[in-house]
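Read through the structure below, which is laid out as structure tokens, and then see the notes.
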Amino acid sequence: MTEEGWRERRADARRNHDKVLAAAVEVFTEHGLDATIPQVAARAGVGKATVYRSYPTKAALVEALTGTRVQWLRDVVADTDAHVREPQAALEAAIHRIVERLASDRLLVDVMAQAPMWHAANSPAAVSLTPPAGGSAPPFDDETAATIVKWLDAARDRGEIRDDITTMDLLVLIGGVAHVLLELDVRDHDVWRRYATLALAALRA
């Protein structure tokens, strides 16, 4: 094969890779971890073998996609901490931003459900960030987790939230809202915002 032929083949491979990735973003956003390789291939208009050439396993594809969600979650917390001075306001602003995206991103719901930090002991300061064996990186790194704990501790010290609120409580409240609304196929963002507000009200002293 000529050099020009090899360049064309490489260009085709790049185009197919881009098509597969774009299709995977759409399919996994709609279906979360229940999405399948055949669904991705069909959306991209390619064969399953083309998907597997870019991502040998579904796990490899999921890891590539969840990485963007993980970084987005970390950026939300960091950006909120930089711009919102009051701890309770910062916590609520971050949760509202996250819920707003959860309304249309099933994969993000699944990513947050697997966050090891939420399964810590009752004290918000006792946050575990160790992923399960064979698991991918947790959505919240040490710095991000410390920021959330800082908000909780400061809001608690100021009497703005209940004394017994933990990071696990945040998972149950926000994760519960997300899963129920997804099961009911609610797509109206106003409804998601309403239930986020109700869930956050449960934290207040």
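- Across all non-hydrogen atoms, the minimal contact from A178 to L102 is CB-CD1, 4.2 Å.
- To the nearest 0.5 Å, atom OG1 of residue T68 and atom CG of residue L108 are 9.0 Å apart.
- Rounding to the nearest 0.5 Å places CD1 of I174 at 8.5 Å from CD1 of I98.
- For the side chain to side chain donor-acceptor pair (under 3.5 Å) test, residues two or more places apart in sequence or in another chain that qualify with R69 are T29, D105.
- Residues passing the side-chain contact (heavy atoms from CB on, under 4.5 Å) test with V177 are L181, Y195, A199, sequence neighbours excluded.
- Put simply, CD on Q71 and CG on L73 are 9.5 Å apart, with the number rounded to the nearest 0.5 Å.
- Between atom CG of residue D110 and atom OG1 of residue T66 there is a gap of 10.5 Å, rounded to the nearest 0.5 Å.
- Checked against salt bridge (Lys or Arg N to Asp or Glu O under 4.0 Å), K150 has the following partners two or more places apart in sequence or in another chain: D81.
- What you find for A44 and K19 is that their closest heavy atoms are O-CE, 3.2 Å.
- In terms of the side-chain contact (heavy atoms from CB on, under 4.5 Å) criterion, residue partners of A24 (sequence neighbours excluded) are, by chain and number, F28, V40, L61, L65.
- Checked against side chain to side chain donor-acceptor pair (under 3.5 Å), T147 has no partners two or more places apart in sequence or in another chain.
- A205 and G159 get closest at one heavy-atom pair: CB-O, 3.3 Å.
- In terms of heavy-atom proximity, S54 sits nearest to H17 at OG-ND1, 3.2 Å.
- In terms of the side-chain contact (heavy atoms from CB on, under 4.5 Å) criterion, residue partners of T80 (sequence neighbours excluded) are, by chain and number, V76, V84, A90, A93, A94, R97, W151.
- Not counting sequence neighbours, the partners of Q39 by the side-chain contact (heavy atoms from CB on, under 4.5 Å) test are V27, H31, A35, T36.
- Pairs of residues two or more places apart, or lying in two chains, that qualify as salt bridge (charged side-chain N to carboxylate O under 4.0 Å, His left out) and include a residue from residues 193-202 are E100-R193, D190-R193.
- Between Y55 and L21 the shortest side-chain heavy-atom distance falls below 4.5 Å.
- Screening residues 60-99 for ring pair (Phe, Tyr, Trp, His ring centres under 6.0 Å) gives no qualifying pairs among residues at least two apart or on separate chains.
- Using a cutoff of 4.0 Å between basic side-chain nitrogens and carboxylate oxygens, R156 and D153 are scored as salt-bridged.
- The side chain to side chain donor-acceptor pair (under 3.5 Å) check on R187 picks up D185, with sequence neighbours excluded.
- Residues V186 and W192 share a closest heavy-atom pair of O-NE1, 2.9 Å.
- For the atom pair I95 CD1 and L173 CG, the distance stands at 9.5 Å (nearest 0.5 Å).
- Not a single salt bridge (Lys or Arg N to Asp or Glu O under 4.0 Å) links D188 to another residue, sequence neighbours left out.
- Taking every heavy atom of both residues into account, R106 and G32 meet most closely at CG-N, 3.3 Å.
- Under the rule for a side chain to side chain donor-acceptor pair (under 3.5 Å), the partners of Q88 that lie at least two apart in sequence or sit in another chain are E92.
- In this structure, L152 CG and R162 CZ are separated by 13.0 Å, a value rounded to the nearest 0.5 Å.
- A heavy-atom distance below 4.5 Å is found between the side chains of L203 and L91.
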